Participant: 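Pasting in a structure now, in structure tokens, and then I'll have a few things to ask.
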Amino acid sequence: MKLSVPAGSIFASPDFTIGVATSSFQIEGAADAREASIWDTFCRQPGAIADNSNGLVACDHVNRWQEDMALVASLNVDAYRFSVSWPRIMRNDGSVNQDGLAFYTQLLDFLNAHNIKAYVTLYHWDLPQYLEDRGGWLNRDTAREFARYAEVVAKAFGNRVYSYATLNEPFCSAYLGYETGVHAPGKASRAYSKKAVHHLLLAHGLAMPILRKCAPDAESGIVLNFTPYYPASESPSDKTAVKLAHAHHNDWYVRPLLTGEYPALLDDLPEEEKPEIVSGDMQIISAENDYLGVNYYTRAKVRHGDDRGFEILEPASEVQTTAMGWEVYPQGLTDLLLQLHRDFTLPPVLITENGMACDDTLIDGKVEDVKRIEYLQSHMGAVDQAAREGVHITGYFVWSLLDNFEWALGYTKRFGIVYVDYPTQQRTLKQSAKALRSMLATRSAQAELQD
Ligand code: IFM
């Protein structure tokens, strides 16, 4: 089974960036060389992580970075997206961990030497525990701390970075971390999540001018995750439910960034759920972005219900799902991109994550993850379709390079195109990695022929 770039598709253009992605807590390990993060604490809570695991070793990437970077280079990708661990850089006493900076600098030097663009995310959920102890994202000061951290990183990395993302998926940090409590820090109240969002978005907005000043040649933006919602029936109440789900889970994040306003839903929220918006905040939050990162995995159907007016349904038994139980629905990615394009004046869009978890098994040194190849192929087609219909899309990243720590599900779900055998830490390219490698080699050869 192969991956192919259809002739004339946006993926065929040499200007279209294709890469693979990871994040710090999910792969790094080497927890003793950094401050504790909220995920270290959360992993110790009984029952918080499905397999009672943690990120202390993970994929041991800090010790095996050379092998992992060689893998990245072997895939012929244009770009590698990874995140910096805030607690590996900023110490509790306010000093900077130079060893932490040096770790990432050597990654960046490798990438630059191999002509691979570095896409650096500053916050992929691993908040230093000492900041959580002061209120975490419920404390406005955390946004200012983030801006300080962004400045330290951007100054140290200089022009090694092609692209910065301030935050990855603030929905997960705020909603899963502060409303449902299934992610760190495990707080569960509707009174928290919209306040946490506001401070996350403020952190983004405060960091943007700093990135522009300290890294003028890099592009800077933010990465959001989206789930497009569809009505369970044609009834008006189910259609209203879709609007509400979209307003709470998608629009709440993207609208303030692109327009400087929260959705109209703000007025309907009970007082205790409303964020405290200080004069000037919305202007800071809506600082211009060079790109919008879009992470897409699945869609969901919604019906009227719950006291909020919507209930998100599990996929029907007859639809194809991933090992996460998420419906495989490439059309949702086209629909989402077109809806964003209709609703907003978008900056260029980057698909910063897309991929699937499979029940992969290593047999005779091989992992035949055909379903993942099909998933990637169909979703690349969905991106291309949106581009043909007018959305300006500049790149696509597969989640993920390596099997890794899938948050509350621990190591039970495998998203990698490279298989990781955790007891030995041996890496094995899955069939999908080989398919990507050969697709990209063919694409380069074709581009050279056209030159
Ligand atoms: O593994 C996560 C990643 O950290 C953020 N986006 C979704 C992925 C799959 O759940």
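These numbers come from a predicted model, not from an experiment. All ligand and atom numbering here is 1-based and tracks the order in the structure. Scope of the values below: all heavy atoms of this structure, side chains included, with no hydrogens, waters or symmetry mates.
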Participant: Could you tabulate the donor-acceptor pairs under 3.5 Å formed by side-chain atoms of residues 365-372, not counting sequence neighbours?
Facilitator:
residue: Asp369; atom: OD1; partner: Gln431; partner atom: N; Å: 3.1
residue: Asp369; atom: OD1; partner: Ser432; partner atom: N; Å: 2.9
residue: Asp369; atom: OD2; partner: Arg372; partner atom: NH1; Å: 2.8
residue: Asp369; atom: OD2; partner: Ser432; partner atom: OG; Å: 2.5
residue: Arg372; atom: NE; partner: Met356; partner atom: O; Å: 3.1
residue: Arg372; atom: NH1; partner: Asp360; partner atom: OD1; Å: 3.4
residue: Arg372; atom: NH1; partner: Asp360; partner atom: OD2; Å: 3.1
residue: Arg372; atom: NH1; partner: Gly416; partner atom: O; Å: 3.4
residue: Arg372; atom: NH2; partner: Met356; partner atom: O; Å: 3.0
residue: Arg372; atom: NH2; partner: Asp360; partner atom: OD2; Å: 3.1
residue: Arg372; atom: NH2; partner: Arg414; partner atom: O; Å: 2.8

Participant: Can a donor-acceptor pair be found, under 3.5 Å and without considering hydrogens, that links the side chain of Asn168 to the backbone of Tyr123?
Facilitator: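 No, because the side chain of Asn168 does not come within donor-acceptor range (under 3.5 Å) of the backbone of Tyr123.
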Participant: Heavy-atom contacts with ligand 1 below 4.0 Å: which residues, ordered by chain and residue number?
Facilitator: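 Residue list for ligand 1: Gln26, His124, Trp125, Asn168, Glu169, Tyr297, Trp326, Glu353, Trp399, Glu406, Trp407, Phe415.
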Participant: Does the plane of the ring in Tyr192 sit parallel, tilted or perpendicular to the ring in Tyr178? Use 30° and 60° as the thresholds.
Facilitator: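 Perpendicular: the ring planes of Tyr192 and Tyr178 meet at over 60°.
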Participant: With the threshold set at 4.0 Å, does a side-chain nitrogen-carboxylate oxygen contact exist between Glu145 and Arg140?
Facilitator: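 Not counted as a salt bridge, because no side-chain N and carboxylate O are separated by less than 4.0 Å.
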Participant: If you measure from OG on Ser220 to CG on Asn289, what distance do you get to the nearest 0.5 Å?
Facilitator: 8.5 Å
Participant: Would you mind checking if Arg88 and Glu35 are paired as a salt bridge, meaning a charged N to carboxylate O distance below 4.0 Å?
Facilitator: no
